[in-house]
Amino acid sequence: MFTLQSGPVDTVNARQQLIHPGCGGYCSFEGWVRDHHEGRSVDKLIYEAYAPLALREGQTVIDEAVQRFEIEAARCVHRTGELAVGELAVWVGVAAAHRDAAFAASRYIIDEIKTRVPIWKNEFYTDGTSAWVNCAACAATADDNQSRRAV
Amino acid sequence: MFTLQSGPVDTVNARQQLIHPGCGGYCSFEGWVRDHHEGRSVDKLIYEAYAPLALREGQTVIDEAVQRFEIEAARCVHRTGELAVGELAVWVGVAAAHRDAAFAASRYIIDEIKTRVPIWKNEFYTDGTSAWVNCAACAATADDNQSRRAV
Amino acid sequence: MQIEIEYFALLREEAGCASETIELQQPTPAAVYACLNERHAFSLPAARLRVAVNDRFTEWNTQLDDGDRVVFIPPVAGG
Amino acid sequence: MQIEIEYFALLREEAGCASETIELQQPTPAAVYACLNERHAFSLPAARLRVAVNDRFTEWNTQLDDGDRVVFIPPVAGG
């Protein structure tokens, strides 16, 4: 199951949903808001999601993981809105009979979520500027000023 | 930090110890007591540790992970004593700037803990028998009766 | 035909609005983006974007129907 | 020399005790295990074990000192 959430994620409860007596391995990944990115000091960030498609594509990623790996269940929760440094941005949990599959599926899910699901990250730096991550590099080829604008 | 614990593991607190503002990736692995093992139905198990050496070797594994991978911190807690199906037997947590290192170090730690740290698992089956896991296969070459005895 | 466009992230900021409607004959996502790019001078070329129609990923040369909702998707950055 | 042996897991069950002391001239872990194996008929050959002396992994041919504590380590199964 893939969900979007505008408030803090209850990881204890999210993990609880995956407990199953046939499972011997559980792997979880969490993405936290770092205080730096590519050498710049980060103050906070805002995640914006194209919700209907993000939910559909996120669920497709989960379904693919269940197909590809010998796992019992997998979940992913992604935050939207404003997050401070240290806050949890994304949570992935996978339960499986064995650890190989739990690790592999966890990794697959976070990698695919990051590259396929329409969620964007607006990073706000301590110097007062901000940038849409990934867009900055692309847009730089066209016009550097558009992507690193004053707040 | 590597620790042994005879009661339930507080994974929420254990995770909390790893939170660091420079970290963007957190990977955790949990080993749970499965209700089956190699086709046999498991009732409960007992972990026995050679504590002084287990603590030393467990800490060596953690130190190696910190040396080998670009991680900020890692912890592992292993249970001892009697565990029911579904209980957490081992917990690993790793925080890093990036997810590659978090996943790799988590995997390294659980793999090494399982093969190097002197902790033994006595599995009790629903048919009333029990076996020391791993020893059973080794001992089988000598005398199969010694390793699968009535409880 | 009337096509509705919804904007997100950098494109929303550059368009200066969250959505708008344009009128085009025999529209495709490619034609819609070219038209809007004239208006807003987006910093992202179409080659950097994906496109969704009615909340599903779609090809750039798909024929659009009246009332279709189109979203141009800048490089994503979840996680 | 007096050597203390501590047993764990399968070896503890097969020895029928958690620890014992034996007396040997010029003892090594290999000699100690051979001696104890005569007494207890362990199901695990030495080749399947590791050995620790005073809580550190050690080689089988290490010369032991009086009062050393030896632990024979069956295949582990943590996690």
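Bear in mind that the values here come from a model prediction, so they are computed numbers and not experimental data.
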*Please flag which part of A:Ala49 lies under 4.5 Å from any non-hydrogen atom of chain C: side chain, backbone, both or neither.*
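Contact with chain C is through the backbone of A:Ala49 alone.
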*Where on A:Glu30 is there a heavy atom nearer than 4.5 Å to chain C: the side chain, the backbone, both, or neither?*
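Neither part, no heavy atoms under 4.5 Å.
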*Tell me, please, which residues at least two apart from C:Asp55 pass salt bridge (Lys or Arg N to Asp or Glu O under 4.0 Å).*
C:Arg69
Listed pairs under 3.5 Å, donor-acceptor, residues 93-101 of chain A side chains, sequence neighbours left out:
{"unit_1": "A:Arg99", "atom_1": "NE", "unit_2": "B:Asp111", "atom_2": "OD1", "d": "2.9"}
{"unit_1": "A:Arg99", "atom_1": "NH2", "unit_2": "B:Asp111", "atom_2": "OD1", "d": "2.9"}
{"unit_1": "A:Asp100", "atom_1": "OD1", "unit_2": "B:Arg107", "atom_2": "NH1", "d": "2.8"}
{"unit_1": "A:Asp100", "atom_1": "OD1", "unit_2": "B:Arg107", "atom_2": "NH2", "d": "2.6"}

*C:Phe8 vs A:Trp120 aromatic rings, parallel, tilted or perpendicular, using cut-offs 30° and 60°?*
parallel
_Report which part of C:Arg56 has an atom under 4.5 Å of a heavy atom belonging to chain A: side chain, backbone, both, or neither._
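For C:Arg56, heavy atoms of backbone and side chain both lie under 4.5 Å from chain A.
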*Can you tell me how far CD of A:Gln16 sits from CD1 of A:Ile19, rounded to the nearest 0.5 angstrom?*
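So the gap between those two atoms works out to 4.0 Å.
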*asked:* To the nearest 0.5 Å, what is the distance between CG on C:Leu11 and OG on C:Ser43?
replied: 7.5 Å
*asked:* I need the residue from A:Tyr50, A:Trp32, A:Phe29, A:Tyr47 with the largest number of non-hydrogen atom pairs under 4.5 Å to chain C.
replied: A:Tyr50
*What residue in A:Gly31, A:Ala51, A:Pro52, A:Cys76 has the most heavy-atom pairs under 4.5 Å with chain C?*
A:Pro52
